[in-house]
Amino acid sequence: MAPSLTGFTYQRVHVADGVSLNAAVCGSGTPVVLLHGFPQTHLMWRHVAADLAADHTVICPDLRGYGASDKPVETDGNVYAKRTMAADIVALARALGHERFALAGHDRGALVAFRAGLDHPETITHLACLDVLPTLDMWEVMRGVTAAVGFHLYLMAQPPGLPEQMIAASPDAFFGHFLDMWTNDPQAIPAEVRTAYLDACRDAVPSIVADYRASAGIDVTHDQADRDARNRLRMPVTVLQQDWGATLGFDAAALWSAWAPDLRHTTVTCGHFMAEEAPADIAKALRDLLAR
């Protein structure tokens, strides 16, 4: 059997036409929703979620297109737009009885969380984004040979067909590459969890590619519209990320400050999969955020 979050109850929750999300729920108290990144599932939060569930209601879904959640066909860019995926999360929380909640996301989940914060400021009370830049800023800093670190962004930005075919030809090598290269502590992702991640990704190549393709298209359009309108995140925001700016030549805190007036930005020394490599530090950062 695939691993699960110990002590959590699992349910499928209808969030949109033809789309239900797999969600793990535990605890009581003010609600916190945790969104996973790539190439992972909700399992990445297993340590942090257990910590927070001591005094919060913790909800850990698989995003649309990932894990055991539904994977609608990409008929157009809206299907996997972060705006659509953010609406999924608001609908999920509402279905579970929560009109307002704190939201933390890692990697792809952080982009969904960022969009939720802009689109639903009355709903998101606190926001944490782990190891990303907003999509618009990300594309603006990715240039020159140093951008090779993000080769997958360019591959999955291509029109439907070729990227899906190439990745599906050797999915374990493709997704496993990131699990190997982006962690400083390989022991942080034990064999059974790694296997669960690879199994989930192998079964979701078209939807994962569609998620990334949206970030090279409609997500940029949405971010640009918010930048032009000077829309900003109204809630307390915490950002934790590696020092990619040292390599790619940007000031991450300054880029985030343009979006988030109430920002606490911290550079971490662990690898990309920080909720698995340094769960105590991440749980503390989230608790500090919730106290603001």
Side-chain angles (χ1 to χ4, degrees), residues 35-41 44 63 65-66 80 82 105-115 128-159 162-189 194 197-198 201 204-205 208-217 219-220 223 239-259 265-278 281-282:
L35 305 181
H36 66 85
F38 164 92
Q40 301 158 290
T41 68
M44 63 152 284
L63 296 167
Y66 289 82
Y80 286 94
K82 302 309 150 298
H106 173 258
D107 190 83
R108 308 304 294 172
L111 299 179
V112 176
F114 172 76
R115 176 45 53 191
C129 293
L130 278 55
D131 220 25
V132 296
L133 290 175
T135 300
L136 185 60
D137 297 297
M138 176 195 73
W139 287 115
E140 290 176 351
V141 304
M142 296 289 285
R143 54 182 179 269
V145 295
T146 54
V149 69
F151 76 93
H152 61 299
L153 302 173
Y154 297 92
L155 171 62
M156 291 190 276
Q158 304 309 309
L162 182 62
E164 292 89 343
Q165 181 179 353
M166 292 178 66
I167 294 168
S170 190
D172 287 6
F174 180 77
F175 296 113
H177 166 83
F178 302 102
L179 294 173
D180 294 336
M181 295 299 294
W182 289 352
T183 181
N184 291 349
D185 177 14
Q187 301 305 312
I189 303 178
R194 179 189 175 90
Y197 290 160
L198 293 178
C201 288
V205 171
I208 291 174
V209 175
D211 167 35
Y212 273 85
R213 185 179 289 119
S215 286
D219 294 343
V220 174
D223 278 10
V239 173
L240 307 171
Q241 59 192 143
Q242 299 178 90
D243 192 11
W244 290 108
T247 301
L248 298 175
F250 63 86
D251 183 338
L255 293 176
W256 271 105
S257 293
W259 292 102
H265 183 280
T266 300
T267 301
V268 302
T269 57
C270 57
H272 176 66
F273 302 114
M274 56 186 69
E276 295 175 282
E277 292 192 50
D281 293 341
I282 302 309

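All of these numbers come straight from a predicted model, not from anything done at the bench.
- In this structure, CG in L35 is found 12.5 Å from CZ in R108, a value given to the nearest 0.5 Å.
- Residues passing the salt bridge (Lys or Arg N to Asp or Glu O under 4.0 Å) test with E277, sequence neighbours excluded: none.
- A donor-acceptor pair is defined here as one N or O able to donate and one able to accept, closer than 3.5 Å; such a pair exists between the side chain of Y197 and the backbone of M44.
- A donor-acceptor distance shorter than 3.5 angstrom exists from the side chain of W139 to the backbone of S215, with no hydrogens or angles considered.
- Contact record, A278 with C270: CB-SG, 4.1 Å, taken as the closest heavy-atom pair.
- For the atom pair L130 CG and H36 NE2, the distance stands at 14.0 Å (nearest 0.5 Å).
- With H106 contributing its side chain and D131 its backbone, the two residues share no donor-acceptor pair below 3.5 Å.
- No donor-acceptor distance shorter than 3.5 angstrom exists from the side chain of T183 to the backbone of L179, with no hydrogens or angles considered.
- To the nearest 0.5 angstrom, M138 atom CE is 11.0 Å from L248 atom CG.
- Put simply, the side chain of Y80 does not reach to within 4.5 Å of the side chain of Y212, judged on heavy atoms.
- Checked against salt bridge (Lys or Arg N to Asp or Glu O under 4.0 Å), D281 has no partners two or more places apart in sequence or in another chain.
- Atoms CE and CD, from M274 and Q241 in turn, are 7.5 Å apart once rounded to the nearest 0.5 Å.
- Side chain of K82 to backbone of A113: no donor-acceptor contact under 3.5 angstrom is found.
- Ring planes of F178 and F174: perpendicular class, angle over 60° (limits at 30 and 60°).
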*Could you please spell out the steps behind the side-chain contact (heavy atoms from CB on, under 4.5 Å) verdict for D223 and D219?*
CA-CA 6 Å; D223 278 10; D219 294 343; 5.6 Å; no

Scan the side chains in residues 147-158 for donor-acceptor partners under 3.5 Å anywhere in the protein, sequence neighbours excluded, and list what turns up.
unit_1 : atom_1 : unit_2 : atom_2 : d
Y154   : OH     : M142   : O      : 3.3
Q158   : NE2    : Y154   : O      : 2.7

*asked:* With side-chain contact (heavy atoms from CB on, under 4.5 Å) as the criterion, how do F175 and V205 come out once you've worked through the C-alpha distance, each side chain's angles and the decisive distance to 0.1 Å?
replied: CA-CA 10 Å; F175 296 113; V205 171; 4.0 Å; yes

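- Across every non-hydrogen atom of R213 and P163, the tightest pair is NH2-CG, 3.7 Å.
- Counting heavy atoms from C-beta outward, I208 and C201 have side chains that approach closer than 4.5 Å.
- Note: D251 CG to S257 OG = 8.0 Å, rounded to the nearest 0.5 Å.
- Atoms NE2 and CD, from H272 and Q40 in turn, are 6.5 Å apart once rounded to the nearest 0.5 Å.
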*asked:* Checking Y66 against D211 for the side-chain contact (heavy atoms from CB on, under 4.5 Å) test, could you report, in this order, the C-alpha distance in whole Å, the side-chain angles of both residues, the deciding distance, and whether it holds?
replied: CA-CA 10 Å; Y66 289 82; D211 167 35; 2.5 Å; yes

*How far apart are the C-alpha atoms of F273 and N184, what are their side-chain angles, what is the distance that settles it, and do they pass the side-chain contact (heavy atoms from CB on, under 4.5 Å) test?*
CA-CA 9 Å; F273 302 114; N184 291 349; over 6 Å; no

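- Counted by atom type alone, W259 and D137 present one or more donor-acceptor pairs between their side chains at under 3.5 Å.
- Look at R194 and D172 and you find no salt bridge, because none of the NZ, NE, NH1 or NH2 atoms lies under 4.0 Å from a carboxylate O.
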